[in-house]
Amino acid sequence: MLYQLTEDIKNIKALIEEDDSHESLDKSVDDYLADLGEALQSKVEGYVMLIRELKSKADARSAEASRLKESSDLMHNAAMRLQNRLKERLEECGEKTVQTNLFNVRVCANGGKLPLELLEDDVPHDFKEASWKPDTGKIRQILESGAALPFARLGERKTHLRIK
């Protein structure tokens, strides 16, 4: 373990790892932090050690998930290339169906609506949709200059916890 954790923090960690209900986890955290005045430094230090450990585990799992996703994508793409090559060869040979001992392979027409092929530059305006979205840069600039707008205002800056 990266840090030596207190018994209270170990209990909180166990609740997190058990994926217990949020209510019991929140109560344990609230109980742990209830009397911060007495042991502020040691309690905050233990709490931050747990935060760091959980973030470290999350980062490791995220990296592993990315690695597995990349490997999965490579295998999927290879399978699709092989499948497309087989389809092309069957079409070249004029074969629509091949029956083997294990598989029945068929070249089938796609269903659904026929594909729509457009020459984007030649489409008249009557056949185009327009979409509007707020110009947040312009709105911000006006509000920051001190002017008021009836449909917008600048919000309050939120806070966050920085751990170094």
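For the numbers below, each heavy atom of this structure counts, side chains included, while hydrogens, waters and symmetry mates do not.
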Report the C-alpha distance between Glu144 and Leu154 in whole Å, list the side-chain angles of each, state the deciding distance to 0.1 Å, and finish with yes or no for side-chain contact (heavy atoms from CB on, under 4.5 Å). CA-CA 8 Å; Glu144 287 175 345; Leu154 293 173; 4.0 Å; yes
Greater than 12 external heavy atoms within 6.0 Å of Lys128's NZ: yes
Between Leu143 and Ala152, what is the shortest heavy-atom contact and its length? CD2-O, 3.9 Å
If you define the side chain from C-beta out and look only at heavy atoms, does anything of Lys55 sit under 4.5 Å from Arg52? no
Nearest 0.5 angstrom please: Arg61 CZ to Asp59 CG, how far? 11.5 Å
Pair listing, side-chain hydrogen bond (donor to acceptor under 3.5 Å, both in side chains) test, anchored in residues 68-79, at least two apart: Lys69-Asp73
Look up atom CG in Asn84 and atom CZ in Arg89, then write down how far apart they are to the nearest 0.5 Å. 11.0 Å
Partners passing salt bridge (Lys or Arg N to Asp or Glu O under 4.0 Å) against Lys87 (at least two apart in sequence or in another chain): Glu91
Would you mind telling me which of Leu90, Val107, Leu86 makes a side chain to side chain contact (heavy atoms under 4.5 Å, CB included) with Val98? Leu90
Are Phe103 and Leu82 connected in the hydrophobic side-chain network, where two residues link if heavy atoms are under 4.5 Å apart? no
Could you pull out all residues at least two apart from Thr97 that satisfy side-chain contact (heavy atoms from CB on, under 4.5 Å)? Asn104, Arg106
Side-chain contact test, heavy atoms from C-beta onward, threshold under 4.5 Å: evaluate it for Glu53 versus Met49 and give yes or no. no
